[in-house]
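As a basis for the values below, the full set of heavy atoms in this structure was taken, side chains included, without hydrogen atoms, waters or symmetry mates. If you're wondering where the values come from, they're calculated on a predicted model, not measured in any experiment.
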Number of protein chains: 2
Amino acid sequence: MSETRKRIVTATGELFRSQGFNGTSLKQVTEHADAPTGSIYHFFPGGKEELGAAVLRESGAAYQQLFELIADEAGDIVDAMPAFFNGAADALEETDFIDICPIGNIAREVASTHEPLREASVSVFAGWTEAIQTRLAAAGLDAAEAEALANTIIAAIEGGFMLARARRSTTDLRATGTHMQQLVAAALA
Amino acid sequence: MSETRKRIVTATGELFRSQGFNGTSLKQVTEHADAPTGSIYHFFPGGKEELGAAVLRESGAAYQQLFELIADEAGDIVDAMPAFFNGAADALEETDFIDICPIGNIAREVASTHEPLREASVSVFAGWTEAIQTRLAAAGLDAAEAEALANTIIAAIEGGFMLARARRSTTDLRATGTHMQQLVAAALA
DNA sequence: TATCTCCTAGAACGATCATTCTAGGCGAAT
DNA sequence: ATTCGCCTAGAATGATCGTTCTAGGAGATA
């Protein structure tokens with residue numbers, strides 16, 4: 001796959017993290033990615049909306065891999081909870097609270113106005129839910145309960161990102177990780 | 001307080017819910033509020049940013065009153081959890097998933113780019129945290145634990161809004177309410 | 001009636017937006 | 001050597017953005 005295309009997607013993802021969809025201009029993308037306008041429309045004929053959907057899908061898949069890596073390293077889904085939340089908290093601190101999940105940003109911002117972006121975010125969330133659900137089910141939860149709990153975990157981390165960025169503090173996010181650990185442990189008991 | 005000012009704030013809040021901060025133009029505000037541009041700058045000399053901060057503060061206070069009303073009606077902070085999440089879920093369904101919390105929207109969107117809006121969202125969240133914390137402490141939790149749990153509840157509902165709007169379904173949001181109920185019950189036990 | 005303050009009213013401004021368009025560079029295939 | 005397809009390059013375009021500005025209406029006070 002083209003290097004230029006990669007640079008465009010990466011740069012757009014970074015800009016989305018701190019500025020959102022409507023707050024990011026294609027001029028900023030061209031500068032940040034060091035690529036001309038023509039290249040954006042060559043790779044994404046649908047313009048900004050198509051580019052945005054690609055960013056959601058590709059960075060959503062990357063976050064899923066990251067979660068799976070952390071979960072496998074932790075070994076146990078119960079212990080994976082604080083590992084995951086603390087990892088996210090560390091990343092936030094290291095980037096001065098910029099490195100928030102872009103999918104959650106865009107999902108809230110444009111789900112009611114840009115249908116293709118809403119659909120892209122739904123498919124990303126579906127992958128996340130399944131990744132967590134699978135591990136919860138493997139630990140003994142029935143499918144329905146595992147799915148519901150997986151969604152609560154996703155909601156908690158995304159809402160936790162919101163509070164952390166606003167407050168410029170990861171204290172709450174880490175505590176929420178502990179709460180999720182308790183919830184998972186109780187469900188499995 | 002001026003009727004026109006109220007109309008401007010209300011209209012802006014409604015537009016922020018579905019389109020976010022950057023996605024809402026002042027022209028839309030003038031049309032939706034039936035007020036001229038001059039009135040916006042008369043009441044909010046700081047322009048869009050000052051208007052946005054006012055919207056956050058005023059609708060944040062309204063949400064807090066709503067929570068306190070629901071919590072008082074439920075009587076018990078444990079039972080208040082599903083009441084609160086289900087109430088939010090009902091509102092979402094009735095408005096075709098438009099009526100999401102505008103504070104969470106704006107907080108994620110512009111916390112890194114518009115410092116006055118970030119500060120406004122922080123003070124709103126502080127009020128919410130305190131409202132929940134007070135009730136948890138009254139039920140027997142020590143202050144630190146009550147604060148941490150209050151923040152997790154806020155994170156869960158805001159993240160739940162995100163999932164619900166994206167998926168156009170309130171199933172997960174209601175289930176998360178049950179999970180928060182379990183978490184509160186376990187903490188109090 | 002005259003004056004003052006508060007607010008309405010919307011045209012005008014320069015900047016910036018997403019998008020379109022024309023032109024050309026470059027490597028592979030013929 | 002020539003052609004062809006992929007991609008780069010950025011100027012041009014029309015729309016829209018937030019903001020500023022001038023002008024005047026409405027009601028209270030004198």
Side-chain angles (χ1 to χ4, degrees), chain A residues 1-56 58 102 105-106 109-110 112-118 120, chain B residues 1-16 18-56 58 102 105-106 109-118 120:
Chain A
M1 183 160 309
S2 156
E3 278 303 316
T4 305
R5 204 201 102 109
K6 276 187 201 163
R7 281 207 315 281
I8 292 172
V9 170
T10 302
T12 307
E14 285 171 7
L15 292 165
F16 278 4
R17 271 170 248 240
S18 55
Q19 311 181 115
F21 180 81
N22 288 312
T24 298
S25 73
L26 293 185
K27 188 172 193 313
Q28 286 180 308
V29 172
T30 61
E31 286 165 0
H32 206 258
D34 195 30
T37 310
S39 293
I40 295 180
Y41 283 86
H42 172 75
F43 292 112
F44 307 99
K48 193 181 184 184
E49 202 173 59
E50 187 178 337
L51 168 59
V55 169
L56 289 196
E58 292 173 34
N105 273 13
I106 310 302
E109 185 184 357
V110 299
S112 294
T113 54
H114 292 70
E115 183 63 13
L117 296 180
R118 186 190 72 81
Chain B
M1 184 162 308
S2 157
E3 279 302 315
T4 305
R5 202 200 103 109
K6 276 187 200 161
R7 282 207 315 281
I8 292 172
V9 171
T10 302
T12 307
E14 285 170 8
L15 292 164
F16 278 4
S18 55
Q19 311 179 83
F21 180 80
N22 288 313
T24 298
S25 72
L26 293 186
K27 188 173 193 314
Q28 286 180 305
V29 172
T30 62
E31 286 164 2
H32 206 259
D34 195 31
T37 309
S39 293
I40 295 180
Y41 282 87
H42 172 74
F43 292 112
F44 307 99
K48 192 181 185 183
E49 202 173 58
E50 187 178 338
L51 168 59
V55 168
L56 289 195
E58 292 174 32
N105 274 13
I106 310 303
E109 186 185 356
V110 299
S112 293
T113 54
H114 292 70
E115 183 64 12
L117 296 180
R118 186 189 73 80

- Task: Mind running side chain to side chain contact (heavy atoms under 4.5 Å, CB included) on B:Leu15 and B:Thr12 for me, showing each step along the way?
- Result: CA-CA 5 Å; B:Leu15 292 164; B:Thr12 307; 5.7 Å; no

Residues B:Phe16, B:Asn105; criterion side chain to side chain contact (heavy atoms under 4.5 Å, CB included); working and verdict: CA-CA 8 Å; B:Phe16 278 4; B:Asn105 274 13; over 6 Å; no

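- Under a 3.5 Å cut-off, the side chain of B:Glu49 and the backbone N or O of B:His114 do not form any donor-acceptor pair.
- In this structure, the CZ atom of B:Arg5 is 12 Å from the P atom of C:dT8, given to the nearest Å.
- A:Ser25 has a side-chain polar atom (N or O) that falls below the 4.0 Å cut-off from OP1 or OP2 of C:dC17.
- Taken residue by residue, residues 32-55 of chain B places heavy atoms nearer than 4.0 Å to DNA chain D at B:Thr37, B:Tyr41, B:Gly47, B:Lys48.
- Contact of the A:Leu26 side chain with the A:Thr37 side chain is not registered, since no non-hydrogen atoms from C-beta on lie closer than 4.5 Å.
- In this entry the distance linking CG of B:Asn22 with P of C:dA18 reads 11 Å, nearest Å.
- In this structure, B:Thr4 reaches the sugar-phosphate backbone alone: every heavy-atom distance under 4.0 Å involves primed, P, OP1 or OP2 atoms, never a base.
- The separation between A:Glu3 atom CD and C:dC26 atom P is 18 Å, rounded to whole Å.
- Going from atom CD of B:Glu31 over to atom P of C:dG10 covers 12 Å, rounded to whole Å.
- In this structure, B:Glu50 and B:Pro116 have side chains that are not in contact, with every pair of non-hydrogen atoms separated by 4.5 Å or more.
- For B:Lys27 and D:dT19, the NZ to P distance is 16 Å, given to the nearest whole Å.
- The residues B:Arg7 and B:Glu3 are annotated as not salt-bridged, no charged nitrogen and carboxylate oxygen being separated by less than 4.0 angstrom.
- What separates CG of B:Leu26 from P of D:dC17 is a distance of 9 Å, to the nearest Å.
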